Protein chains: 2
Amino acid sequence: MATGRTHRPATRSRGIPEATVARLPLYLRALTALSERSVPTVSSEELAAAAGVNSAKLRKDFSYLGSYGTRGVGYDVEYLVYQISRELGLTQDWPVVIVGIGNLGAALANYGGFASRGFRVAALIDADPAMAGKPVAGIPVQHTDDLEKIIEDNGVSIGVIATPAGAAQQVCDRLVAAGVTSILNFAPTVLSVPDGVDVRKVDLSIELQILAFHEQRKAGEETAAGDGALPTAAPRGATADDSADQGPDGDVPAVMPA
Amino acid sequence: MATGRTHRPATRSRGIPEATVARLPLYLRALTALSERSVPTVSSEELAAAAGVNSAKLRKDFSYLGSYGTRGVGYDVEYLVYQISRELGLTQDWPVVIVGIGNLGAALANYGGFASRGFRVAALIDADPAMAGKPVAGIPVQHTDDLEKIIEDNGVSIGVIATPAGAAQQVCDRLVAAGVTSILNFAPTVLSVPDGVDVRKVDLSIELQILAFHEQRKAGEETAAGDGALPTAAPRGATADDSADQGPDGDVPAVMPA
DNA sequence: CCATCTTTGTGCACGCGTTCACAAAGACAT
DNA sequence: ATGTCTTTGTGAACGCGTGCACAAAGATGG
């Protein structure tokens, strides 16, 4: 997954392990589906299958939230939906700003999954003056100059960065200075932030590279005999302009306007 | 971050831990930047800072690849770029298909970071007949009917799913049947695949929910006294139509055409 | 009211990943 | 050549996360 925490080595926040927190949205999605089908209760086995985890893990995860199940029966779907929503903080409204309205930013702005989970796109921000005022997903784009004011006026604490890599750190700094304490970063850069600010990273390029690694391993499982294990006289010369040479490569998170 | 492996509990492929593999692209990016600035060598300390990890971890990671450093000096940038590229399988060409050319699919098709890492968009596929033939990012969209043929003709082994959730599993099954063995899934669903197929997941909604959790915890750090620790008579009634009620929520990965 | 059967909640062990801390290796100056 | 200084590579300890396996809890039927 294109995931990646930063900071806080593994602070088990109020007793709930990070790994469990990361799975709660998964459970919530499966439970919501059951709820829509008016299923009253579900066993750990069934829910685990729906969420793609094993049942022991699911039960342990739920045990961190409290004893919400009934032995011999299972879990009350509606009740669990409520408890998980509350635990994740989805019962309140989270205004979000998206900075960088290129191809990706626009796609994110149109994302329907925002509103249904308590996230509200409070503003779209872009550095291009030509974009200003132009509506994207029904929301007029505002200029970067007003970033601080927008953050403060709307009480925004979550920011999404979808700018080119070069602008990301600067945007990040301004967001943080204006009061944002959680950032979802789509730009292919490592952001540095002060303590107390959470950053999560989504990086398409990294995901593909990880897949390529496994793909290569699968392909070369029987081909490889005694290939490249030792650094014995590797082709050091033929490497220089092997992967570079084609301009500023991953400079944009997922394509800019054009 | 929006990451998430599936299958293979933690198979340390040929001795390289999964966690290390996930960081190699990060190192590669930092090294490429150094290479473009013509920096000849770099110490573990410097490179670690650039990649946002600590130096001990970086050194251990590199130790799985072999002894490529020089004590007292550091690592040869160009050489390391080559070694990591090779290890990740980026020295070869990876044809990729993107299925589901909505807002997100189009953004991905335009993503510049593809080509620069050995990934080539071999085809764009969509179920909408109206899209067929229409060029996106310079590539004509093809219809889902030809999916199998496209996969086989191009020798595609990596597929990207950017369809609505409802179509994802079906598309996945067809991709796998046609020979795809690595899938990057943007649809908010759990995909089930046979052994030997790798799936990585990117899920915006989940990332935001995780951020919301931490955000809530930060906000309620001093507010909370003895809040919701015990399941004592929780408001079970007032929960039913609290988060549902607004249609099929996260049905699309990151917005459809409109 | 008791027996049986289902399913939860969790104690325990194991393995992966991270970090510390240091010895070995080499560059560089004298 | 010898010594000093820098930086790597890694042994060892620790902590988190996972999964097994089972006891406790409660529903259900007689």
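Numbered from 1 within each chain, the chains take letters A, B, ... in sequence-line order. Because the structure is predicted, anything quoted here is derived from the model rather than measured.
- Distance, B/Glu46 CD to D/dT7 C1': 11 Å, rounded to whole Å.
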Mind running side chain to side chain contact (heavy atoms under 4.5 Å, CB included) on B/Lys201 and B/Leu184 for me, showing each step along the way? CA-CA 6 Å; B/Lys201 187 191 359 157; B/Leu184 182 51; over 6 Å; no
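- The B/Tyr75 side chain lies nearest to D/dT8 when the options are D/dT18, D/dT8, D/dT10.
- Heavy-atom nearest nucleotides on DNA chain D were determined for A/Thr70 and for A/Arg23, and the one closer to the 5' end corresponds to A/Arg23.
- Nucleotide C/dG9 holds its P atom 10 Å from the CG atom of A/Leu65, rounded to whole Å.
- B/Leu80 contributes atom CG, which lies 4.5 Å from atom CZ of B/Phe62 (distance to the nearest 0.5 angstrom).
- The side chain of B/Ala19 lies closest to C/dT18 when the candidates are C/dT18, C/dA27, D/dT8.
- Applying the 4.0 Å criterion to OP1 and OP2 of D/dT7, one finds that B/Ser44 has every side-chain N and O outside that range.
- Against DNA chain C, the stretch residues 47-60 of chain A makes heavy-atom approaches under 4.0 Å through A/Arg59, A/Lys60.
- Rounding to whole angstrom units, CD of residue A/Glu45 and P of D/dG19 are separated by 13 Å.
- Residue B/Gln83 holds its CD atom at 10.5 Å from OG1 of B/Thr91, rounded to the nearest 0.5 Å.
- Residue-to-nucleotide contacts include no donor-acceptor pair under 3.5 Å from the side chain of A/Arg71 to the base of C/dT7.
- Between A/Asp61 atom CG and D/dG17 atom P there is a gap of 10 Å when expressed in whole angstrom units.
- The CG atom of B/Leu108 lies 12.5 Å from the CD1 atom of B/Ile161; values are rounded to the nearest 0.5 Å.
- Between A/Val73 and A/Ser63, it is A/Val73 whose nearest contact on DNA chain C lies nearer the 5' terminus.
- One interatomic measurement links the two molecules: CG of A/Asp76 to C1' of C/dT8, which rounds to 15 Å at whole-angstrom precision.
- In this structure, of D/dG17, C/dA27, D/dG9, it is D/dG17 that holds the atom nearest to the side chain of A/Glu18.
- Both A/Gly72 and B/Gly74 lie close to DNA chain D; mapped to their nearest nucleotides by heavy-atom distance, the more 5′-ward contact belongs to B/Gly74.
- Spacing between atom OH of B/Tyr79 and atom C1' of D/dT8 amounts to 15 Å, rounded to whole angstrom units.
- Judged by distance alone, the side chain of B/Ser85 and the main-chain N or O of B/Val81 form a donor-acceptor pair under 3.5 Å.
- Although no hydrogens or angles enter the test, the distance criterion places no donor-acceptor pair under 3.5 Å between the side chain of A/Glu78 and the main chain of A/Pro40.
- As rounded to whole Å, 10 Å separates atom C1' of C/dT10 from atom OH of A/Tyr64.
- Checked by atom type and distance alone, the side chain of A/Gln216 pairs as donor or acceptor with a backbone atom of B/Arg86 at under 3.5 Å.
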